[in-house]
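Heads up, the thing below is written out as structure tokens.
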Amino acid sequence: MSWISDPNFTEDQPFGPQTLPYGVVDGGVAVRVGDQALLLKGLALGKCSEYVQGDSLDPLLRAGRPIWSVLRAKLKEIVTATSAPKGAELTGIESAKLPFTVGDYVDFYSSRHHAENVGKMFRPDGDALTPNWTHLPIGYHGRAGTVYVSGTEIVRPNGQKRGSEGPKFGPSERLDIEAEVGFVCGGPKAANVSTSRAAEHVFGVALVNDWSARDIQAWEYQPLGPFLAKSFATSIGAWITPLEAFSVARVPTPPLPNKLHDYLTCDQPWGLDITITVELNDTIVAKPPFREMSWSFVQQLAHMTVNGATVRPGDLFASGTVSGPEKNERGSFLELSWGGKEPFKLDDGSTRSFLEDGDTVKLTATAPGEGGSVVGLAEVVGTVRSA
């Protein structure tokens with residue numbers, strides 16, 4: 001029995017004592033306990049206290065894994081005690097905000113099912129996968145300044161689109177989602193991070209919706225890749241679940257058909273058995289399985305830094321769209337509607353191929369935790385409005 005009275009603070013719920021994600025609310029840095037937030041600044045946390053006194057996770061991200069591990073162990077003791085410790089204060093989670101300063105943002109393209117679906121749609125007479133796809137984690141540098149916390153409205157972006165008599169300009173008519181898993185970096189600044197050291201530079205995990213304007217993307221992406229079609233908005237959950245919470249959710253990544261270069265080989269499994277749920281206007285439309293991702297986050301980080309580029313506290317990188325082999329496991333509406341040719345139905349009887357103004361998308365996710373518990377990732381919600 002815990003001193004925290006909350007029906008959702010149990011091991012069979014996503015935000016029980018096995019999860020303890022970090023965030024920032026009006027009172028400062030906190031951990032989520034069920035549907036409440038436990039403020040950290042008033043607790044006796046020993047040498048860890050100095051990292052959680054402010055209104056940002058930035059100092060904690062810089063502290064590194066030894067501090068992260070000590071703090072998590074101490075918080076587990078506190079929240080599972082039968083009586084409240086001195087200085088304990090619970091508050092609501094409604095005021096949760098973007099909890100850290102986003103540094104660089106990188107988005108990958110690591111689902112083979114997603115890549116093959118897109119390839120079949122865009123290159124019907126060619127190979128579904130490009131020749132490099134099974135040899136390296138493909139990615140691109142995104143825009144950190146438009147990473148928004150869950151709940152932020154998404155403004156339909158403007159841009160150029162292909163027209164019958166040349167490009168036309170206006171709001172995207174094919175606004176889409178990308179259900180992804182993001183990784184928040186911390187620890188010392190480093191380059192050439194090996195797969196065996198990568199976990200030392202990953203503080204935690206969060207859900208990400210990397211919104212995409214498919215019609216703008218189709219016109220602009222050749223030859224340099226995504227630009228305006230991606231840079232207008234990326235949504236992230238308000239609570240960052242520590243990487244340590246996923247200790248029993250680790251699984252091997254699906255095998256690739258070729259030998260990898262040494263810097264991408266792994267000595268232990270770092271795929272994660274996370275299942276995402278995608279809802280559109282309260283209708284569940286897909287359940288993408290993250291365990292199907294061909295490239296793990298440690299391989300992504302190793303590739304991202306192998307050329308001498310650095311990883312710093314606050315950097316964020318995302319997995320790319322998560323899709324599985326089945327139709328109801330596709331993590332984008334581009335795939336669910338097969339490029340708009342096969343609209344899907346919602347519970348209210350309406351159909352969608354892409355997003356309309358007023359539509360609300362919600363992503364949630366869980367993974368197996370220790371002792372049969374459930375580890376949660378905080379929801380990502382966004383409602384679309386016109387420009």
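Numbers here are sequence positions counted from 1. In what follows, every heavy atom counts, from backbone to side chain, and hydrogens, waters and symmetry copies are set aside. Source: prediction; values computed, not measured.
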Check residues 64-71 and write down every donor-acceptor pair under 3.5 Å in which the side-chain atom is one partner and the other belongs to a residue at least two apart or another chain.
from	atom 1	to	atom 2	distance (Å)
Arg65	NE	Ala199	O	3.4
Arg65	NH2	Ala199	O	2.9
Arg65	NH2	Val202	O	2.7
Trp68	NE1	Leu60	O	2.7
Trp68	NE1	Gly64	O	3.3
Ser69	OG	Arg65	O	3.2
Ser69	OG	Glu244	OE2	2.8

Worksheet entry | Tyr22 and Phe203: CA distance, side-chain angles, deciding distance, ring-ring contact (aromatic ring centres under 6.0 Å, His included) verdict | CA-CA 10 Å; Tyr22 294 92; Phe203 170 76; 5.5 Å; yes

Item to complete: Return yes when atom NZ of Lys76 has more than 12 non-hydrogen atoms of other residues, nucleotides or ligands closer than 6.0 Å, and no otherwise.
Response: yes

Discussion item. Are Asn258 and His135 packed together at the side-chain level, in the sense that at least one heavy-atom pair is separated by less than 4.5 angstrom?
Written reply: yes

Fill in: side-chain contact (heavy atoms from CB on, under 4.5 Å) assessment of Ile236 paired with Leu98
CA-CA 8 Å; Ile236 186 173; Leu98 186 63; 3.6 Å; yes

Discussion item. Tell me whether the count of non-hydrogen atoms from other residues, nucleotides or ligands lying under 6.0 Å of CG in Asp357 goes above 12.
Written reply: yes

Practice prompt. Find the distance between CD1 (Ile154) and OG1 (Thr360) and round it off to the nearest 0.5 Å.
Written response: 10.5 Å

Worksheet, complete the sentence: Partner of Val102 under side-chain contact (heavy atoms from CB on, under 4.5 Å), picked from Asp315, Val184, Leu316, is Leu316

Discussion item. Can you tell me which residue among Thr366, Val205, Thr241 is in a side-chain contact (heavy atoms from CB on, under 4.5 Å) with Val375?
Written reply: Thr241

Discussion item. What I'd like to find out is whether the side chain of Glu329 reaches to under 4.5 Å of the side chain of Pro325, using heavy atoms alone.
Written reply: yes

Practice prompt. On the 0 to 90° scale, with breaks at 30° and 60°, tag the Trp133-Tyr109 ring pair as parallel, tilted or perpendicular.
Written response: perpendicular

Worksheet item: With distance as the sole test, does Lys41 use its side chain to make a donor-acceptor pair with the main-chain N or O of Gly27 at under 3.5 Å?
Response: yes

Worksheet item: More than 12 heavy atoms of other residues, nucleotides or ligands under 6.0 Å from CG of Asp55: is that the case?
Response: no

Worksheet item: Under 6.0 Å from the six-membered ring centre of Phe354 and within 45° of its axis: does the NZ or CZ of Arg174 meet both?
Response: no

Fill in: Reported OG-to-OH distance for the pair Ser56 and Tyr51, which is rounded to 0.5 angstrom
14.5 Å

Worksheet item: Do Leu264 and Val306 sit in the same hydrophobic cluster, where Ile, Leu, Val, Met, Phe, Trp and Tyr count as joined when their side-chain heavy atoms come under 4.5 Å apart?
Response: yes

Discussion item. Do Ile177 and Val278 have side chains that approach each other closer than 4.5 Å (heavy atoms only, starting at C-beta)?
Written reply: yes

Discussion item. Quick one, Asn281 with Thr283, criterion side chain to side chain donor-acceptor pair (under 3.5 Å). Give me CA distance, side-chain angles, the key distance, then yes/no.
Written reply: CA-CA 6 Å; Asn281 299 341; Thr283 298; over 6 Å; no

Practice prompt. Compute the ring centroids of Phe108 and Tyr140, then answer whether they are less than 6.0 Å apart.
Written response: no

Discussion item. Is it true that Ser196 and Ser194 share a donor-acceptor pair across their side chains at a distance under 3.5 Å?
Written reply: yes

Worksheet item: Is it the case that more than 12 heavy atoms not belonging to Asn132 sit under 6.0 Å from its CG atom?
Response: yes

Discussion item. If you define the side chain from C-beta out and look only at heavy atoms, does anything of Met121 sit under 4.5 Å from Glu335?
Written reply: yes

Discussion item. With a 6.0 Å cut-off on the ring centroids, do Phe232 and Trp211 count as close?
Written reply: no

Worksheet item: To the nearest 0.5 Å, what is the distance between CD (Glu379) and OG1 (Thr277)?
Response: 12.0 Å

Worksheet entry | Residue pair Asp176 / Ser212, side-chain donor-acceptor N/O under 3.5 Å | no

Practice prompt. Test Val33 against every option in Leu75, Leu20, Asp6, Ile93 by the side-chain contact (heavy atoms from CB on, under 4.5 Å) rule and name the one that passes.
Written response: Leu20

Worksheet item: Would a distance-only check, ignoring hydrogens and angles, find a side-chain to backbone donor-acceptor pair under 3.5 Å from Arg250 to Pro269?
Response: yes

Worksheet item: When the ring planes of Phe344 and Phe333 are compared, do they come out parallel, tilted or perpendicular, using 30° and 60° as the limits?
Response: tilted

Worksheet item: Going through the distances and angles, do Asp215 and Arg162 end up as a salt bridge (Lys or Arg N to Asp or Glu O under 4.0 Å)?
Response: CA-CA 7 Å; Asp215 43 0; Arg162 182 179 284 110; over 6 Å; no

Item to complete: Supply the atom-to-atom distance Asp210 CG to Ser332 OG, rounded to the nearest 0.5 angstrom.
Response: 11.5 Å

Item to complete: Mind running salt bridge (Lys or Arg N to Asp or Glu O under 4.0 Å) on Lys327 and Glu342 for me, showing each step along the way?
Response: CA-CA 11 Å; Lys327 184 172 182 179; Glu342 302 172 8; 3.3 Å; yes

Discussion item. For the CG atom of Leu301 and the CD atom of Gln299, what is their distance to the nearest 0.5 Å?
Written reply: 11.0 Å

Item to complete: Could you walk me through whether Arg214 and Glu178 pass salt bridge (Lys or Arg N to Asp or Glu O under 4.0 Å), step by step?
Response: CA-CA 11 Å; Arg214 300 300 185 185; Glu178 290 188 345; 3.1 Å; yes

Practice prompt. Sort and list the pairs that fulfil side-chain hydrogen bond (donor to acceptor under 3.5 Å, both in side chains) and have at least one residue in residues 179-192, not counting sequence neighbours.
Written response: none

Practice prompt. Give a yes-or-no answer on whether the side chains of Gln300 and Trp295 include a donor-acceptor pair shorter than 3.5 Å.
Written response: no

Discussion item. Between Arg385 and Val155, does the side-chain contact (heavy atoms from CB on, under 4.5 Å) criterion hold? Intermediate values first, please.
Written reply: CA-CA 5 Å; Arg385 68 172 177 86; Val155 179; 3.4 Å; yes

Worksheet item: Using a distance-only test with no angle check, is there a side-chain donor-acceptor pair under 3.5 angstrom linking Gln36 and Thr91?
Response: no

Worksheet entry | Side-chain heavy-atom pair Arg291, Ile274 within 4.5 angstrom cut-off | no

Discussion item. For the CD atom on Glu370, are there more than 12 heavy atoms of other groups (residues, nucleotides or ligands in this structure) within a distance under 6.0 Å?
Written reply: no

Item to complete: Could you check if a side-chain atom of Leu40 sits within less than 4.5 angstrom of a side-chain atom of Ser49, using non-hydrogen atoms only?
Response: no

Response to the item:
Separation between CZ (Arg72) and CD (Glu77), nearest 0.5 Å, reads 12.5 Å

Worksheet item: Can you check whether Leu363 reaches Val381 side chain to side chain, under 4.5 Å on heavy atoms?
Response: no

Fill in: CA sep, side-chain torsions, deciding dist, call: Leu136, Leu260, side-chain contact (heavy atoms from CB on, under 4.5 Å)
CA-CA 8 Å; Leu136 56 84; Leu260 299 179; over 6 Å; no

Item to complete: Could you walk me through whether Phe9 and Phe15 pass the side-chain contact (heavy atoms from CB on, under 4.5 Å) test, one step at a time?
Response: CA-CA 6 Å; Phe9 188 61; Phe15 299 108; over 6 Å; no

Discussion item. Can you confirm whether Arg143 is buried at CZ, in the sense that more than 12 heavy atoms of other residues, nucleotides or ligands lie under 6.0 Å from that atom?
Written reply: no

Worksheet entry | Intermediate values then yes/no, salt bridge (Lys or Arg N to Asp or Glu O under 4.0 Å), Asp282 and Lys362 | CA-CA 8 Å; Asp282 298 320; Lys362 180 169 76 171; 5.8 Å; no

Discussion item. Please identify which of these residues, Ser319, Pro288, Ser110, meets the side-chain contact (heavy atoms from CB on, under 4.5 Å) condition with Val181.
Written reply: Ser319

Discussion item. What I'd like to find out is whether the side chain of Ser95 reaches to under 4.5 Å of the side chain of Val25, using heavy atoms alone.
Written reply: yes

